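Here the structure is laid out as structure tokens; the discussion comes afterwards.
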Amino acid sequence: MRPQTEALIVIDVQNDFCPGGALAVAGGDAIIPRINALLPEFGARIFTQDWHPSDHSSFAATHEAVPFSLIEMPYGPQVLWPTHCVQGTRGAEFHPALETAPADLILRKGFRRGIDSYSAFFENDRTTPTGLEGYLRSRGIEAVTLAGLATDFCVAYSALDAARLGFRVTVLEGASAAIDLNGSLAAIKAQMAEAGVALEP
């Protein structure tokens with residue numbers, strides 16, 4: 001059992017991000033047994049869930065654009081994704097092998113149509129909070145361990161924000177899987193290391 005001041009944050013282990021899903025991460029389902037095994041070690045367990053309206057501004061279809069192309073949004077560059085994790089659909093549900101019963105909190109993100117939300121802590125403008133920081137502070141959490149999908153986007157953005165907020169942060173690479181879009185994994189790992197995020201197997 002880990003200290004009560006440490007939380008496990010499980011990022012977006014949903015059907016659409018696993019093999020067969022709309023935005024599948026290679027090996028996305030292979031990390032689930034490791035995550036399930038970790039759950040009893042932590043006194044605080046938070047799961048995040050991508051939860052988009054069907055016409056979300058990050059969807060390529062919304063702009064009649066090619067998936068994985070880039071556009072400029074008011075908050076900066078935005079990758080246009082295939083339609084995924086639409087509210088109330090099977091793709092937005094947690095993968096059935098993931099043990100969700102131990103979750104203390106399920107935090108939904110990406111529900112505002114006009115802005116994407118990779119991080120568990122802030123929308124992509126880096127200023128609109130999700131409320132997770134306040135929840136963790138109220139529970140006396142000082143350190144967070146992150147796992148889930150995808151290492152180079154939602155996991156990394158969450159880790160960087162957690163470090164920026166003053167939490168001690170660990171990313172379990174062996175309990176996460178990456179998209180690795182145009183070298184995104186190596187670039188973001190360098191950013192995380194520079195920010196003081198511990199990268200562990």
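Counting from 1, the numbers follow the sequence of the chain as shown. In this text the structure is predicted, and so the values were computed from the model without any measurement.
- Annotation for R90: atom CZ does not count as buried by contact number, only 12 or fewer foreign heavy atoms lying within 6.0 Å.
- Under the 4.5 Å side-chain criterion, counting only non-hydrogen atoms from C-beta, E142 is in contact with R168.
- In this structure, I31 is a member of the same hydrophobic cluster as L38, with clusters built from ILVMFWY side-chain heavy atoms closer than 4.5 Å.
- Among L105, L98, L8, the one residue that satisfies the side chain to side chain contact (heavy atoms under 4.5 Å, CB included) test with F47 is L98.
- Scanning all heavy atoms of the two residues, the minimum distance from P33 to A30 falls at CD-O, 3.5 Å.
- Side chains of P77 and E72 form a contact here, defined as non-hydrogen atoms less than 4.5 Å apart.
- Checked by atom type and distance alone, the side chain of S58 never pairs as donor or acceptor with a backbone atom of D116 at under 3.5 Å.
- Stacking of R164 on the aromatic ring of F122 is recorded, both the 6.0 Å distance cut-off and the 45° axial limit being met.
- Remark: I11 CD1 to F17 CZ distance equals 10.5 Å, nearest 0.5 Å.
- Classified by interplanar angle (parallel below 30°, tilted 30° to 60°, perpendicular above 60°), the ring pair F68/W81 is perpendicular.
- Residue pairs meeting the side chain to side chain donor-acceptor pair (under 3.5 Å) criterion with at least one member in residues 12-22, sequence neighbours excluded, are D12-T48, D12-K109.
- At distances below 3.5 Å, not a single donor-acceptor pair connects side-chain atoms of D50 with backbone N or O atoms of C85.
- Looking at heavy atoms from C-beta onward, V144 lies out of side-chain contact with E6 at the 4.5 angstrom threshold.
- Taking each heavy atom of A177 and G28 in turn, the nearest pair found is CB-CA, 4.3 Å.
- The closest side-chain donor-acceptor pair between T128 and D125 falls under 3.5 angstrom.
- At a cut-off of 3.5 Å, with distance as the only test, no side-chain donor of T130 or E123 sits close to an acceptor on the other residue.
- Aromatic ring centroids of F59 and H52 lie under 6.0 Å apart.
- Taken from CZ in F167 to CD1 in I9, the straight-line distance is 8.0 Å, to the nearest 0.5 Å.
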Exercise. Assess whether side-chain contact (heavy atoms from CB on, under 4.5 Å) is satisfied between H56 and T83, documenting all intermediate values.
Key: CA-CA 8 Å; H56 195 260; T83 300; over 6 Å; no

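- Between the side chain of R45 and the main chain of P102, a donor-acceptor pair closer than 3.5 Å is present.
- Linking Ile, Leu, Val, Met, Phe, Trp and Tyr residues whenever their side-chain heavy atoms come within less than 4.5 Å places L165 and V155 in a single cluster.
- Placement of F94 and I35 within a single hydrophobic cluster is found when ILVMFWY residues are connected by side-chain heavy-atom separations under 4.5 Å, directly or transitively.
- One finds the SG atom of C18 at 4.5 Å from the NE2 atom of H95 (value rounded to the nearest 0.5 Å).
- With sequence neighbours left out, the salt bridge (Lys or Arg N to Asp or Glu O under 4.0 Å) criterion links D29 to no other residue.
- The backbone N or O of A97 sits less than 3.5 Å from a side-chain atom of N36, completing a donor-acceptor pair.
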Practice problem: Before giving the answer on side-chain contact (heavy atoms from CB on, under 4.5 Å), spell out for L136 and I46 the whole-Å C-alpha distance, their side-chain angles and the decisive distance to 0.1 Å. | Solution: CA-CA 9 Å; L136 295 175; I46 293 92; 3.7 Å; yes

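- Pairing each heavy atom of A147 with each of S176, the nearest pair is CA-OG, 3.5 Å.
- When all heavy atoms are compared, the tightest approach of P19 to A24 is CA-CB, 3.9 Å.
- I115 belongs to a hydrophobic cluster whose remaining members, ordered by chain and number, are I71, M73, Y75, L80; membership requires side-chain heavy atoms of ILVMFWY residues under 4.5 Å apart, directly or through intermediates.
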Quiz prompt | S184/F153 under side-chain contact (heavy atoms from CB on, under 4.5 Å): CA gap, chis, key distance, verdict | solution = CA-CA 8 Å; S184 57; F153 284 93; 3.9 Å; yes

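- Atom OG of S54 is separated from atom CD of Q87 by 8.0 Å, given to the nearest 0.5 angstrom.
- Residues G114 and S57 come closest through the heavy atom pair C-OG, 3.2 Å.
- In this structure, the side chains of L149 and I179 stay at 4.5 Å or more apart for every pair of heavy atoms.
- When the shell of 6.0 Å around CD of E194 is examined, it contains 12 or fewer heavy atoms from other residues, nucleotides or ligands.
- In terms of hydrophobic clustering, with Ile, Leu, Val, Met, Phe, Trp and Tyr side chains grouped at heavy-atom distances under 4.5 Å, L70 and L181 are assigned to a common cluster.
- With 3.5 Å as the limit, one finds no donor-acceptor pair spanning the side chains of T62 and D55.
- Across all their heavy atoms, A120 and L107 have their closest contact at O-CD2, 3.9 Å.
- Taking 4.5 Å as the limit, every side-chain heavy atom of W51 sits out of range of all side-chain heavy atoms of S117.
- Between L172 and L146, every side-chain heavy-atom pair lies at or beyond the 4.5 Å cut-off.
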Self-check item: Check against side-chain contact (heavy atoms from CB on, under 4.5 Å), E200 and V171
Solution: CA-CA 6 Å; E200 296 185 0; V171 169; over 6 Å; no

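- Residues passing the salt bridge (Lys or Arg N to Asp or Glu O under 4.0 Å) test with D104 are R139, sequence neighbours excluded.
- Put simply, the side chain of Y135 does not reach to within 4.5 Å of the side chain of I141, judged on heavy atoms.
- With sequence neighbours excluded, the residues that form a side chain to side chain contact (heavy atoms under 4.5 Å, CB included) with P67 are A60, P82.
- Proximity of I188 to L160: side-chain heavy atoms (C-beta onward) are separated by under 4.5 Å at one or more points.
- Clustering ILVMFWY residues whenever any of their side-chain heavy atoms sit less than 4.5 angstrom apart, transitively, puts L23 in the very cluster that holds V10.
- Every residue was checked against the ring-ring contact (aromatic ring centres under 6.0 Å, His included) condition with F42, not counting sequence neighbours, and none meets it.
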